[in-house]
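In this chain, numbering begins with 1 at the start of the sequence shown. One-based numbering, in listed order, for ligands and for the atoms of each. In this text, all values refer to a predicted model and were calculated from it rather than measured experimentally.
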Amino acid sequence: AKREGKDGFRFFSAELGAEIRRRAALEADVRAGLEGRQFLLHYQPVFDMQGRLAGMEALMRWQHPHRGMVPPIEFIPLAESTGLIVELGLAALRCVREDLRAWEAAGLRPPRVALNLASTQFRRESQRRRFLEALDELGLTPDRVEFELTETAVFEDIGSPDSVLEALRARGYALAIDDFGTGYSSLSYLRRLRCGKLKIDKSFVRDICQSRVAALLVRSIIDVAHALHMRVVAEGVEQEAEREKLRTLGCDLLQGYLLARPMPCEAMARLLQEHRRV
Ligand code: C2E
Ligand code: CA
Ligand code: CA
Ligand code: CA
């Protein structure tokens, strides 16, 4: 047993060594990507129950010189643990400002763009200040952008003496709770979160047609949210049956592959053209 343990340890440390090298290489790659402006945003529209365009979410992509379009799951977690998320967050602001400019220059009137925030972007007072200053400098006013944070991030922020959410709220930005239902949330906490919008995680949406319990849970979330004057967005709507179910449950807004996939700025321009608002 002793030997096994030793070998086990040797195996483990070899694996660990490889993992550490892989992470270090990826970190260097993300840094180079920031330098080379390889990060961009795709946009996924959000629709109301009548099929009108009601918003859009900005989702980061990495246009990697060798690997092609890299999804966020492959670099956001690492960026969060290394602090590079701070720079990525600022890069997202610059990117959204350029894309808004392009749409506005084409005579389009985009709805507000929702940006995802990680609590790890705001660990230091200087980081919060830089972010708020960037919003001002780039002209990203509350009529142009809004923000999404997970429940966990909102909770961490609520307790902090210089809360970034309070600062954003004070400036008039709309806020949404992301991935609702995946954290340790309790419906009774919703009141304290004071956000205008709640996004039900796609893991719930997936089950509403099969499971009566899941449907009941989603209905309860929607009812409580409505009582608190929040609008409810269902994420990850992939099937017509899910859309119909969500309609009967009283959901306000839909987002998912059934309606539209995330798309680059130019494709979003075409969609904005089709959904021209008067
Ligand atoms: P999220 O904020 O929950 O974003 C929704 C994710 O669901 C996106 O994945 C989107 O492409 C995907 N999605 C949309 N509709 C459907 C559907 O019908 N079915 C399925 N299966 N998936 C759908 P994506 O773009 O890969 O982003 C993953 C996560 O990465 C995001 O989850 C968010 O947490 C994070 N992320 C993306 N962009 C940023 C960013 O700029 N900053 C930060 N901090 N995080 C970001
Ligand atoms: Ca989101
Ligand atoms: Ca989400
Ligand atoms: Ca998520």
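In this model, a donor atom of one side chain and an acceptor atom of the other lie less than 3.5 Å apart for Gln255 and Gln44. With 3.5 Å as the limit, one finds no donor-acceptor pair spanning the side chains of Glu27 and Thr82. Arg23 and Ser81 are linked by a side-chain donor-acceptor pair at a separation below 3.5 angstrom, with hydrogens and angles left out of the test.
Arg171 forms no cation-pi arrangement with Tyr173, by the criterion of a distance under 6.0 Å to the ring centre and an angle within 45° of the ring axis.
Which parts of ligand 1 touch Pro72 is read off a 4.0 Å heavy-atom cut-off, strictly below it: atoms 24 (P), 25 (O), 26 (O), 27 (O), 28 (C), 30 (O), 37 (C). Each of the atoms 3 (O) of ligand 1 lies under 4.0 Å from some heavy atom of Glu235. Every atom of ligand 1 is numbered from 1 in the order shown, and the set under 4.0 Å from a heavy atom of Ile76 is 43 (C), 45 (N), 46 (C). Using a 4.0 Å cut-off to heavy atoms of Pro262, the atoms of ligand 1 that qualify are 11 (O). Near Asp179, the atoms of ligand 1 lying under 4.0 angstrom from a non-hydrogen atom of the residue are 3 (O). Every atom of ligand 1 with a heavy atom of Gln44 under 4.0 Å away is listed here by number and element: 14 (C), 15 (N).
Among Thr150, Ile200, Val233, Leu190, the one residue that satisfies the side chain to side chain contact (heavy atoms under 4.5 Å, CB included) test with Ile177 is Leu190.
Of all non-hydrogen atoms in Gly236 and Arg206, the two that sit nearest each other are O-NH2, 3.3 Å. Nearest heavy-atom pair across Gly172 and Pro142 is O-CB, 3.3 Å.
The Ca ion (ligand 3) is the vertex of the angle joining OE2 of Glu235 and OD1 of Asp179, which measures 130° to the nearest 10°.
With a heavy-atom cut-off of 4.0 Å, Val237 touches ligand 1 through its backbone alone. Of all the heavy atoms of Glu57, the ones lying under 4.0 Å from any atom of ligand 1 belong exclusively to the side chain. Heavy atoms of Arg261 found under 4.0 angstrom from ligand 1: none, in either backbone or side chain. Under 4.0 Å from ligand 1, not a single heavy atom of Gln255 appears. Residue-level proximity to ligand 1 for Leu258 is absent, since no heavy atom of it falls below 4.0 angstrom. When heavy-atom distances to ligand 1 are checked against a 4.0 Å cut-off, Asn116 comes that close through both its backbone and its side chain.
Residue Arg67 qualifies as enclosed at atom CZ: its count of foreign heavy atoms under 6.0 Å is above 12. With a 6.0 Å radius and a threshold of 12 heavy atoms from other residues, nucleotides or ligands, Glu19 has its CD atom above the threshold.
Look at Glu148 and the Ca ion (ligand 3): no N/O/S atom of the residue is under 3.0 Å from the metal. Among the backbone and side-chain atoms of Asp178, an N, O or S atom lies under 3.0 Å from the Ca ion (ligand 2). The Ca ion (ligand 3) does not have Asp201 among its coordinating residues (no N/O/S atom, backbone or side chain, under 3.0 Å).
Within Glu57, the N, O or S atom at minimum distance from the Ca ion (ligand 2) carries the name OE2.
Classification of the Phe122-Phe131 ring pair by plane angle, with boundaries at 30° and 60°, yields perpendicular.
When the options Glu238, His42, Met60 are ranked by their closest heavy atom to atom 41 (O) of ligand 1, first place goes to Met60.
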Begin from the C-alpha positions of Ser163 and Arg169 and carry the test side chain to side chain donor-acceptor pair (under 3.5 Å) through to its verdict. CA-CA 10 Å; Ser163 146; Arg169 247 197 281 269; 5.9 Å; no
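Taking only nitrogen or oxygen atoms, main chain and side chain alike, Arg206 does not reach within less than 3.5 Å of ligand 1. Inclusion of Glu148 in the set of residues having an N or O under 3.5 Å from an N or O of ligand 1 is not warranted.
Phe39 and Phe75 have their aromatic ring centers within a separation under 6.0 angstrom.
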